[in-house]
Amino acid sequence: MTVNPDSLTIASALDGLAKKDFTAVELTEACIKAMQAARPLNAVITETPDKALEMAKAADARRSKGEAGLLDGIPLAIKDLFATEGVLTTAASHILDGFKPAYESTATANLWKAGAVMLGKLNLDEFAMGSSNETSYYGPVVNPWRAKDGTKLVPGGSSGGSAAAVSAGFALGATGTDTGGSIRQPASLCGITGIKPTYGRVSRWGIVAFASSLDQAGPMTRTVRDSALMLQAMAGFDPKDSTSVDRPVPDYVANLEGGVKGMRIGIPREYRMDGMDAEITTLWEQGKQWLKEAGAEIVDINLPHTHYALATYYIVAPAEASSNLARYDGVRFGLRVPGKDLTEMYENTRGEGFGREVQRRIMIGTYVLSAGYYDAYYTKAQKVRTLIRKDFEQAFQRVDAILTPTAPNAAFPIGMKNDDPVTMYLNDVFTVPTSLAGLPGMSVPAGLNSEGLPLGLQLIGKPFEEAQLLRLGRSLEKVANYTAKPFHWWES
Ligand code: GLN
């Protein structure tokens, strides 16, 4: 039977596999074909078709013996920030040229343990620094959604390849990472679902580090149910990550259809920002209305320190990045550009190996950590971070979850915001506070703007309440009834 992966979800593919409508090998072959046809999107850095077919064969064998795992035979694609054993892992940086890890990240190992199949490694912003996937050494990713006049748009970032792969329909799901919004913002710009779990829920072990106190991995999928399934496999305690949390992973799927009756949903006043796209404000209002009609109670709340979140993030994240990226010295792995002595070799390697945005972050980071400025910037930012977390703690005494827009704009043309880093950073204005507070947040596609481009709404939950958040997301998905898909222009 011919399989069309674009018409499937993880859940419906699992059904199809169970009913023997198709085999994992047939499904994987169809995904590989679709991935190759989608090369104009530049979403993939390394395709791994042979590995995929080998894994699919093993999945079929397990299924025939009645030993299928949670995601058995499901083709997924992996953000190229996750170390994959023996497979090129680049972080979309020149400095990791040729790096093939001898180990597998815990999050991906968990997916393979559940039976999933790896299609390839996905493009991203270099070291996950960016909001448009334009900082990649491997070139920008093109959003499957185009403007009405055919202008090519960014998919968001940093998990731009992941969002594009799922939106274009060649991967049934993808892994993403989110430090300040990199799962939720691209999900919004590409019309898919993505959840950033609570900090500590998914192991960071084997994921190339950006800002260690913020980094968190999660799934990007077409539906909320699929996100629940993927998160189920990815999450869990890992002794190899000291910040991984030792609590059991609840069944995320069991109560997904439980509805929102009686739930209290907070609407933060401070998220009504000047200059925000009017259509986004309208969609947010609509979202409120939808949840009210579904039986939730809407409550106005205050998150008074929201205004400082972006500035705080752009001190904390670069500070941690500058420290994490010190390891790329040309000695142990990746690129080496020779020099007349060791110092010059370091300088040449880092000068050539890191792109402009990464260099900017390292410079900001080392500046805010330097002796004379440490207290004025870094210590101050840590204090404000605490205030932001306390805002949420207070709000969560009155509400169960919070509804906001995911991003202040829809997908924008490639190149449009490249010359102005501050405008680019503004894309994360709604996602960064959640990251600073370590809370779970998800983006659910909720509508299209007048250009016909997808827009998402963000739901923020209490720590480790992913099950409740997913249930809420499922309710929003139902009432929003978002079914739009991009036209497959890249195939013609
Ligand atoms: N866009 C933000 C940044 O550039 C967030 C990136 C991320 O979450 N990885 O830092």
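Every number for a ligand or one of its atoms is a count from 1 in the order of the listing.
The residues lining ligand 1, counting any heavy atom closer than 4.0 Å, are Ala128, Met129, Gly130, Ser131, Ser158, Asp178, Thr179, Gly180, Gly181, Ser182, Phe210, Tyr313, Tyr314, Arg361, Asp428.
Applying side-chain hydrogen bond (donor to acceptor under 3.5 Å, both in side chains) to Gln185 and the options Asp428, Asn427, Asn409, Thr431 leaves one that passes, Asn427.
Taking a cutoff of 4.0 Å between a charged side-chain nitrogen and a carboxylate oxygen, Glu393 and Lys390 do not qualify as a salt bridge.
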Derivation and outcome, salt bridge (Lys or Arg N to Asp or Glu O under 4.0 Å), residues Arg225 and Glu477: CA-CA 10 Å; Arg225 176 167 295 266; Glu477 176 183 61; over 6 Å; no
Test side-chain contact (heavy atoms from CB on, under 4.5 Å) applied to Arg471 and Arg474, step by step: CA-CA 5 Å; Arg471 171 153 63 95; Arg474 171 66 190 130; 5.6 Å; no
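Between Phe99 and Tyr328, the distance from one ring center to the other does not fall under 6.0 angstrom.
The ring pair (Phe, Tyr, Trp, His ring centres under 6.0 Å) analysis of residues 152-182, with sequence neighbours excluded, yields no pairs.
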